Amino acid sequence: MEVKARAPGKIILAGEHAVVHGSTAVAAAIDLYTYVTIRFPLQSAENNDRLTLQLKDISLEFSWSLDRLKEAIPYDSSTLCRSTPSSCSDETLKSIAVLIEEQNLPKEKIWLSSGISTFLWLYTRIIGFKSATVVINSELPYGSGLGSSAALCVALTAALLASSISNKNHGNGWSSLDETNLELLNKWAFEGEKIIHGKPSGIDNTVSAYGNMIKFCSGEIIRLQSNMPLRMLITNTRVGRNTKALVAGVSQRAVRHPDAMNSVFNAVDSISKELAAIIQSKDETSVTEKEESIKELMEMNQGLLQSMGVSHGSIETVIQTTVKHKLVSKLTGAGGGGCVLTLLPTGTVVDKVVEELESSGFQCFTASIGGNGAQICF
């Protein structure tokens, strides 16, 4: 038996950093995916007592005997309940860490540890100790602010839950889970995100699970329905950043200049709300006019992010390059490097700007915004 699942990455269209201070943010799914395939062996097959994880993008493979997993990870078949998501305890995380150490993970790949821990926890909690080969590959660059960890958690959970779902109602192509299973999927994925990030907001896994767009403010997540096509050029500056330090820097600036920064946060809040309204609008305003409004809002948002101190030389280089081609860009996520969004109005040809950006060492993707969430395929 083979089950496949995929889940999209995400971008922040507006509101990053300010959302920490009570402003509204808008996030959206993109059509760049992480894929998970689970292959369950026949009872008579070789390696019927092992769980194997293959990370295709980085050519790594890990394998554990089921007996070793049972030794390390607490398990009681009478209490196993995939319909009740549960958190991984610190004690269990330590036991899982030992399992990973035994795999002799290369030092330069040690950052994978939290993702592998998440894999082992979600797998054993949702379907128990069954032999399988799990293959993961992704179109999303790691650690660039495009929600790669959430896409992993969502795609893995979708594949695990789908393994127990009859495929009578699913065709041969990609299909979405029903609302009940999506809610369960999102809760399990959030537990996975907690292992990787400690205290995630829940934005990334929600966008990846449900797709389309969400509006987020003060812990409340509202799903949006886009009524217009939207395309972005996403430029990965390849510059790593310390999200925690960037968030702290904005907070420190707010302490030093409370009135000014409150005005900045209020302005961001207004931009996010207006952006959400435009995206959902069903009025007769033309797509071109809506794109022009979004362009201006992105430009204003970037100016406010610069005033928060979270831009970076690499981000400014992307902005200066795209403005020469009459395109508007803003950083997405934490800033300090990471990725930059460039709105592509209808009919825009991007070949020249992509060539120029890539000649500067950047990585470029084009993506449609607000598409499907998690999907499965049998």
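Numbers here are sequence positions counted from 1. In this text the structure is predicted, and so the values were computed from the model without any measurement.
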Quiz prompt | NZ or CZ of Arg6 within 45° of Trp174 ring axis and under 6.0 Å | solution =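 Yes, Arg6 and Trp174 form such a contact.
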
Atom pair [atom1]/[atom2] of [X] and [Y] - distance to nearest 0.5 Å:
X	Y	atom1	atom2	answer
Ile96	Phe119	CD1	CZ	11.0 Å
Ile58	Lys109	CD1	NZ	5.0 Å
Ile30	Cys339	CD1	SG	8.0 Å

Quiz prompt | Salt bridge Lys215-Glu220, side-chain N to carboxylate O under 4.0 Å | solution =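 The answer is no: the pair does not qualify as a salt bridge.
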
Quiz item: Is any NZ, NE, NH1 or NH2 atom of the basic residue among Asp90 and Lys94 found under 4.0 Å from an Asp or Glu carboxylate oxygen of the other?
Solution: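 Here Asp90 does not pair with Lys94 in a salt bridge, since their nearest N and O are not under 4.0 Å apart.
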
Distance only, no hydrogens: is a donor on one side chain within 3.5 Å (strictly under) of an acceptor on the other, for [X] and [Y]?
X	Y	value
Ser65	Asp67	no
Ser131	Arg50	no
Glu193	Ser149	yes

Exercise. Using the salt bridge (Lys or Arg N to Asp or Glu O under 4.0 Å) rule, take Glu291 and Lys295 through it: C-alpha gap first, then chi angles, then the decisive distance, then the call.
Key: CA-CA 6 Å; Glu291 287 173 342; Lys295 229 170 118 177; over 6 Å; no

Quiz item: Does a sphere of radius 6.0 Å around NZ in Lys273 hold more than 12 heavy atoms from other residues, nucleotides or ligands, not counting ones at 6.0 Å or beyond?
Solution: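 Counting other residues, nucleotides and ligands, NZ of Lys273 stays at 12 neighbours or fewer.
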
Quiz item: Should we say atom CD of Glu91 is surrounded by more than 12 heavy atoms from elsewhere, each under 6.0 Å from it?
Solution: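 No.
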
Quiz prompt | Residue pair Ile214 / Ile222, side-chain heavy-atom distance below 4.5 Å | solution =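 The answer is no, as the side chains (C-beta and beyond) never meet within the 4.5 Å cut-off.
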
Do you know the tightest heavy-atom contact between [X] and [Y]?
X	Y	answer
Lys130	Tyr123	O-OH, 2.7 Å
Asn301	Glu16	OD1-OE2, 3.9 Å
Cys364	Leu357	SG-CB, 3.7 Å
Cys88	Leu93	SG-CG, 3.7 Å

